[in-house]
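Heads up: the structure comes next, in structure tokens.
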Amino acid sequence: MIKIAFIILSLISIFSALMVISRKNPVASVLWLVFHFFGIAGLYVLLGAHFLAAVQIIVYAGAIMVLFLFVVMMLNLNLVNNEKRGKIIGKSIGAVVSGLVLVLFTYSIRTTKWNELFFNQVTDQEWGTAVKLGSLLFSNWLVPFQIVGILLFAAVIGVVALMKRKITRKVENGIVITQEEDVA
Amino acid sequence: MSEITIHHYIALSAIIFSIGVAGVLTRKNAIILFMSIELMLNSSNLALIAFASFMSNPVGQIFALFVIAVAAAEVGVGLAIIVTVYRNRNSINIDDVHLMKG
């Protein structure tokens with residue numbers, strides 16, 4: 001049963017990952033990426049990490065995808081000649097390099113003695129719950145947790161600074177003229 | 001295969017990571033580049049959680065949670081940079097961004 005679920009979920013995530021990098025239209029890519037995130041979330045459930053599966057769907061499929069879609073829609077890209085200049089040599093070199101990365105991974109996976117390092121999968125039902133994670137996060141890992149908060153704060157400030165526009169208003173012949181100017 | 005072991009999860013993670021690498025190296029659209037980076041971060045998260053699960057150690061999950069938070073921050077800043085580039089250059093093709101002759 002778990003085997004069938006694993007096979008189906010891994011096929012979903014691999015296929016949708018391939019679709020993400022092969023679609024011409026960025027909107028299609030984003031929608032396939034949502035599929036991919038749901039497949040990965042299902043694998044987290046199989047591994048027993050229920051809280052992280054929920055976080056994956058809420059943060060990735062919810063927040064990050066909305067951000068991506070929003071930017072794609074806002075930029076209103078010209079799809080036709082966007083990638084015309086991509087040369088076939090560059091693409092094939094990229095594909096070969098990523099294949100070599102996969103070969104490297106396969107070699108290192110095959111030569112590692114996993115049985116000496118790892119035991120059986122956890123059977124504890126409480127392993128991935130919010131209670132377990134929260135008690136760890138707010139005791140042993142409190143300082144890194146706070147630092148992540150500072151990081152998110154800094155990211156928000158950076159985004160606002162990047163997106164800021166200077167608005168100048170002046171009156172000419174009784175008409176108010178507003179002018180927007182990029183700062184960054 | 002008789003049972004799902006850690007090999008399968010790590011192999012799946014390696015495959016998805018390689019797909020992400022291929023996306024970064026072959027595509028020119030900056031938004032799709034970012035999505036490929038998300039694929040790679042996700043595959044590393046999968047590997048972390050698989051290791052944690054098979055070691056019966058929940059600390060790997062904490063690390064994956066931090067990776068998710070950093071990825072969210074990274075996407076926010078990255079998309080802001082893409083929008084800024086689009087305002088200045090009217091394109092998000094990475095070949096058009098050659099101000100620093102890179």
Side-chain angles (χ1 to χ4, degrees), chain A residues 2-3 6 10 13-14 17-18 20-21 26 29-30 33 36 40 43-44 47-49 52 55 59 63-64 67-68 71-72 75 77 82-83 85-86 91 94-95 97-99 101-102 105-106 109 114 118-119 121-122 127-128 132-133 136-137 141 144 148 151-152 155 158-159 162-163 182 184, chain B residues 1 3-12 14-23 25-29 31-32 34-36 38-39 42 46 49-50 52-56 58-59 61-62 64-66 68-73 75-77 79-84 86-88 92-93 95:
Chain A
I2 285 178
K3 207 198 306 182
F6 175 81
S10 54
S13 35
I14 290 174
L18 282 172
V20 167
I21 67 160
S29 281
V30 173
L33 195 55
H36 175 80
I40 295 281
L43 287 168
Y44 290 174
L47 284 166
L52 271 172
V55 165
V59 173
I64 291 182
L67 210 59
F68 267 116
V71 170
V72 170
L75 294 187
L77 302 169
N82 199 24
E83 300 225 359
R85 278 161 291 176
K91 288 202 174 190
V97 169
S98 62
V101 169
L102 186 57
F105 279 140
T106 315
I109 288 169
W114 297 103
F118 295 103
F119 314 107
Q121 193 172 358
V122 283
W127 181 72
K132 186 98 179 181
L133 272 187
L136 263 175
L137 204 57
W141 300 88
V148 165
L151 172 80
L152 288 171
V159 169
L162 276 171
M163 292 287 100
D182 289 346
Chain B
M1 105 184 135
E3 203 182 336
I4 303 295
T5 57
I6 190 162
H7 303 73
H8 300 101
Y9 284 101
I10 302 306
L12 175 65
I15 291 169
I16 294 173
F17 191 90
S18 315
I19 294 173
V21 171
L25 291 178
T26 55
R27 296 303 299 259
K28 302 284 181 204
N29 189 331
I31 290 179
I32 294 181
F34 259 88
M35 286 185 226
S36 308
E38 290 304 309
L39 288 183
N42 248 297
L46 182 63
I49 293 176
S53 171
F54 283 89
M55 284 179 113
S56 307
V59 174
Q61 291 186 68
I62 305 271
L65 206 62
F66 287 154
I68 289 176
V70 171
V75 164
V77 175
L79 287 176
I81 290 173
I82 289 177
V83 171
T84 313
Y86 182 76
R87 276 183 190 163
N88 288 326
I92 55 164
N93 192 320
D95 284 345

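Quick note: numbers below take in every heavy atom, side chains included, and nothing from hydrogens, waters or symmetry partners. Residue numbers begin at 1 in each chain, while the letters A, B, ... track the order of the sequences.
- When heavy atoms are compared at a cutoff of 4.5 Å, A:L18 approaches chain B by way of both its backbone and its side chain.
- Side-chain atoms of B:Y9 never come within 3.5 Å of backbone atoms of B:L46 as a donor-acceptor pair (strictly under, hydrogens ignored).
- Annotation for B:A50 and B:I10: closest pair CB-CD1, 4.4 Å, computed over non-hydrogen atoms.
- Only the side chain of A:V59 comes within contact range of chain B, with at least one heavy atom under 4.5 Å from a heavy atom of that chain.
- For A:V159, the parts sitting under 4.5 Å from any heavy atom of chain B are the backbone and the side chain alike.
- Contacts between A:L33 and chain B at a heavy-atom distance below 4.5 Å involve the side chain alone, from C-beta outward.
- Considering only heavy atoms from C-beta on, A:F105 stays 4.5 Å or farther from B:I15 through its side chain.
- Between chain B and the options A:V30, A:V20, A:L52, heavy-atom pairs under 4.5 Å are most frequent for A:L52.
- The backbone N or O of B:I49 lies less than 3.5 Å from no partner atom in the side chain of B:S53, so there is not a single donor-acceptor pair.
- Across A:S13, A:G99, A:P144, the residue that shares the most heavy-atom pairs under 4.5 angstrom with chain B is A:P144.
- Note: A:L133 leads A:I109, A:V101, A:L133 in heavy-atom pairs under 4.5 Å with chain B.
- The aromatic rings of A:F6 and B:H8 sit perpendicular, their planes meeting at an angle over 60°, well past the 30° parallel limit.
- Shown here for A:L136 and B:P58, the closest heavy-atom pair between the two residues is CD1-CG, 3.7 Å.
- Ranked by heavy-atom pairs under 4.5 Å with chain A, the first of B:V75, B:I68, B:N42 is B:N42.
- No donor-acceptor pair closer than 3.5 Å links the side chain of B:T26 to the backbone N or O of A:K91.
- Among A:A17, A:A63, A:A95, the residue making the largest number of heavy-atom pairs under 4.5 Å with chain B is A:A17.
- Evaluation of the side chain to side chain contact (heavy atoms under 4.5 Å, CB included) rule for B:F34 yields A:F68, B:E74, B:I82 as partners, not counting sequence neighbours.
- Heavy-atom distances place the side chain of B:I16, and not its backbone, under 4.5 Å from chain A.
- For B:V70, the side chain to side chain contact (heavy atoms under 4.5 Å, CB included) test picks out A:L151, with sequence neighbours left out.
- Chosen from B:I62, B:I81, B:V77, the residue pairing most often with chain A at heavy-atom distances under 4.5 Å is B:I62.
- Most heavy-atom pairs under 4.5 Å with chain A, from the set B:A11, B:G23, B:S18: that is B:S18.
- At a 4.5 Å heavy-atom cutoff, the contact between B:L12 and chain A is made by side-chain atoms alone.
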